[in-house]
Protein chains: 2
Amino acid sequence: MNRIAASERRERLVDAAIAVMVRDGVSAATTRAIVAEADMPLGSFHYCFRSKEELLGEVIAVITGHTLERALSEVAGGGALEERLCRAMRAYWQHVVDEPGEHRLTYELTQYAARQPGLAVVAERQYETYLAANTRLIEALTGDDGERLEWSVPVPVLARYVTAALDGVTLLYLNEGNATAAGEALELVARHVAELAGRA
Amino acid sequence: MNRIAASERRERLVDAAIAVMVRDGVSAATTRAIVAEADMPLGSFHYCFRSKEELLGEVIAVITGHTLERALSEVAGGGALEERLCRAMRAYWQHVVDEPGEHRLTYELTQYAARQPGLAVVAERQYETYLAANTRLIEALTGDDGERLEWSVPVPVLARYVTAALDGVTLLYLNEGNATAAGEALELVARHVAELAGRA
DNA sequence: GTCTATAGGAAGATAGAC
DNA sequence: GTCTATCTTCCTATAGAC
């Protein structure tokens, strides 16, 4: 492994860490397992990262980014509110079904970070980011086209409802393993949200 | 510690384990920390439990029982559907706000068990139990009094929606720390469920 | 920068005296 | 049954040759 830029090495280690965590869980992601996955010697770890905690902070940032990119890229586009809402929900759900391991990991990481004194701040910011994303999603649903819509509940409340419902349905699927059953519950959520949008 | 019945010791160790886990997280609940909390010598652990995994199985059973007892004891009683639903939700929510640590622990334990090969079965059964409890709750709402009600969606779908929504709102509160905001989202759920009950 | 070798500690589990 | 002392293993982190 001759003279790789340290930044490149950092990236590879973060990717390797995510791979190990998705496959075997956060607790299995020891420095040894991570460097083995990245095919590097153990010693390389500590001249790329000051500590394991520093790596974990970066892992959380990357994973959070993944989820948000997908969610927000699908809000745009034409059509009526119901269609766009349905499309956004379906895109999110497709990602959950395609990559359940990555979603399971986000929950594990949030919990892990919340317990780790040095990472508690990261965990809080992570959830704020999700709430902000869902707020933008809701505002994008009403703001972008000619229809003048008003939600029958305040946007902050709706954003929390959507965040909670998505989390809950995802967790249901991850734990029960039945995509059809969880998908039906998600449709109930989507219909509810559509009903909360009253034409002004 | 003279001649305590082994069964008594087992109970004390389970309680101590829960105390440590609520305070410091599942990963902090080492055999050493648990026996220290129970004020017992380390050696006593392994003549009460064959392994740490065996203890964890019992911890999960006890914690699951706690949550279900509270939830189901509040379904009964008189009043219209909306009132009883509201009462049940409020009782659940009160427990979450009073004992956030215990609820946080249920999520941590589910995840931990799902990763542990010997406990994966326990994790699946745990979620089945929650679903069954919410199904009973929904049936109790319609079945017990003179009103003849019919849900506008199938009961299994509704049960999953309720399970997911409660989980999601609880998680929102645990991560955001704002009981008022999460409570408002929960009310949205309660109103939605009430609307799904059409008089037959 | 890169690697091998190892320090230093904490984990689960057990041996064996009482 | 009860407890102390210890085994074995695995962890994060570092020292130091190249």
Side-chain angles (χ1 to χ4, degrees), chain A residues 1-21 23-60 108-109 112-113 115-119 122, chain B residues 1-21 23-60 108-109 111-113 115-120 122:
Chain A
M1 207 67 76
N2 294 342
R3 295 278 148 184
I4 301 171
S7 62
E8 163 82 14
R9 262 196 144 82
R10 278 175 71 100
E11 262 184 57
R12 284 200 208 172
L13 284 171
V14 169
D15 289 346
I18 292 173
V20 173
M21 287 174 178
R23 193 187 335 115
D24 304 319
V26 174
S27 67
T30 64
T31 52
R32 283 174 164 78
I34 293 167
V35 295
E37 180 81 19
D39 204 27
M40 291 183 196
L42 177 58
S44 67
F45 189 94
H46 280 90
Y47 60 81
C48 293
F49 295 96
R50 200 161 323 152
S51 66
K52 202 187 163 187
E53 201 173 80
E54 188 181 319
L55 168 84
L56 277 167
E58 204 141 319
V59 164
I60 290 171
E108 285 189 35
L109 281 174
Y112 186 90
R115 290 288 192 192
Q116 210 81 359
L119 291 174
V122 180
Chain B
M1 206 67 76
N2 295 341
R3 295 275 148 184
I4 302 171
S7 63
E8 162 81 14
R9 261 196 146 78
R10 278 177 70 100
E11 262 184 56
R12 284 200 207 173
L13 284 172
V14 168
D15 289 346
I18 291 173
V20 173
M21 287 175 179
R23 192 186 337 111
D24 304 319
V26 173
S27 66
T30 63
T31 52
R32 284 172 165 81
I34 293 166
V35 295
E37 180 81 18
D39 204 26
M40 292 182 196
L42 176 58
S44 67
F45 188 94
H46 279 90
Y47 61 80
C48 292
F49 296 97
R50 201 161 321 157
S51 66
K52 203 188 163 188
E53 201 172 81
E54 187 182 320
L55 168 85
L56 277 167
E58 204 141 320
V59 164
I60 291 171
E108 285 189 34
L109 280 173
Q111 286 190 353
Y112 186 89
R115 290 289 192 192
Q116 210 82 358
L119 292 173
V122 180

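The sequence lines fix the lettering, A, B, ..., with proteins before strands; numbering per chain opens at 1.
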Visitor: Measure the shortest side-chain to side-chain distance between B:Phe45 and B:Lys52 over non-hydrogen atoms and say whether it is less than 4.5 angstrom.
Guide: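 SC-SC contact between B:Phe45 and B:Lys52 confirmed.
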Visitor: Run the numbers on A:Met40 and A:Arg9 for side-chain contact (heavy atoms from CB on, under 4.5 Å), then give the verdict.
Guide: CA-CA 9 Å; A:Met40 291 183 196; A:Arg9 262 196 144 82; 3.7 Å; yes
Visitor: Expressed in angstrom and rounded to an integer, what is the separation of A:His46 atom NE2 from C:dG8 atom P?
Guide: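 Rounded to the whole Å, the gap is 16 Å.
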Visitor: Is there a residue in residues 26-33 of chain B whose heavy atoms reach under 4.0 Å of DNA chain C, and which residues are they?
Guide: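 Of all residues in residues 26-33 of chain B, the ones placing a heavy atom under 4.0 Å from DNA chain C are B:Thr30, B:Thr31, B:Arg32.
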Visitor: Could you work out which one of C:dT2, C:dG1, D:dT2 sits closest to the side chain of A:Ile4?
Guide: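 Output: C:dT2.
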Visitor: Can you see which heavy atom on A:Val59 is nearest to which on A:Ala17, and at what distance?
Guide: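 The pair with the smallest heavy-atom distance is CG2-CB, 4.0 Å.
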Visitor: Using atom CZ of B:Phe45 as one end and atom C1' of C:dA11 as the other, report the distance to the nearest whole Å.
Guide: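 Rounded to whole Å, this separation is 12 Å.
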Visitor: Rounded to whole Å, please give me the gap between CZ in B:Arg10 and C1' in D:dG1.
Guide: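 Atom CZ in B:Arg10 sits about 15 Å away from atom C1' in D:dG1.
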Visitor: With distance as the sole test, does B:Glu37 use its side chain to make a donor-acceptor pair with the main-chain N or O of B:Val20 at under 3.5 Å?
Guide: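 Side chain of B:Glu37 to backbone of B:Val20, a donor-acceptor pair under 3.5 Å: no, none is there.
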Visitor: May I have the distance from B:Asp39 (atom CG) to D:dC3 (atom C1'), rounded to whole angstrom?
Guide: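 Those two atoms, CG and C1', are 14 Å apart.
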Visitor: A:Tyr47 has a side chain; which of C:dC3, D:dT2, D:dA13 sits nearest to it?
Guide: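 Nearest to the side chain of A:Tyr47 among the choices is C:dC3.
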Visitor: Any side-chain heavy-atom pair from A:Met21 and A:Leu56 closer than 4.5 angstrom?
Guide: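 Sidechains of A:Leu56 and A:Met21: in contact.
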Visitor: What integer distance in Å separates A:Phe49:CZ from C:dG1:C1'?
Guide: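 Between C1' of C:dG1 and CZ of A:Phe49: 16 Å.
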Visitor: Tell me: CZ of A:Arg50 to C1' of D:dA13, nearest whole Å?
Guide: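 Going from CZ in A:Arg50 over to C1' in D:dA13 covers 14 Å.
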Visitor: Report the nucleotide, chosen from C:dA13, C:dC3, D:dC3, that has the shortest atom-to-atom distance to any side-chain atom of B:Ser51.
Guide: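 The listed nucleotide nearest to B:Ser51's side chain is C:dA13.
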Visitor: Rounding to an integer number of Å, can you tell me how far B:Glu54 CD sits from C:dA13 P?
Guide: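 Computing the B:Glu54:CD to C:dA13:P distance gives 11 Å.
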Visitor: To the nearest Å, give me how far apart CD (A:Glu53) and P (D:dC11) are.
Guide: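 Result: 19 Å.
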Visitor: Here's a test for you: under side-chain contact (heavy atoms from CB on, under 4.5 Å), which of A:Leu42, A:Ile18, A:Leu55, A:Val14 qualifies with A:Ile34?
Guide: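 Only one option passes, and that is A:Leu55.
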Visitor: Could you please name the option among C:dT4, C:dT2, D:dT6 that lies closest to any side-chain atom of B:Leu42?
Guide: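 Of C:dT4, C:dT2, D:dT6, D:dT6 is nearest to the side chain of B:Leu42.
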Visitor: Do any N or O atoms from the side chain of A:Glu54 and from the backbone of A:Arg50 form a donor-acceptor pair under 3.5 angstrom?
Guide: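 Judged by distance alone, yes, a pair lies under 3.5 Å.
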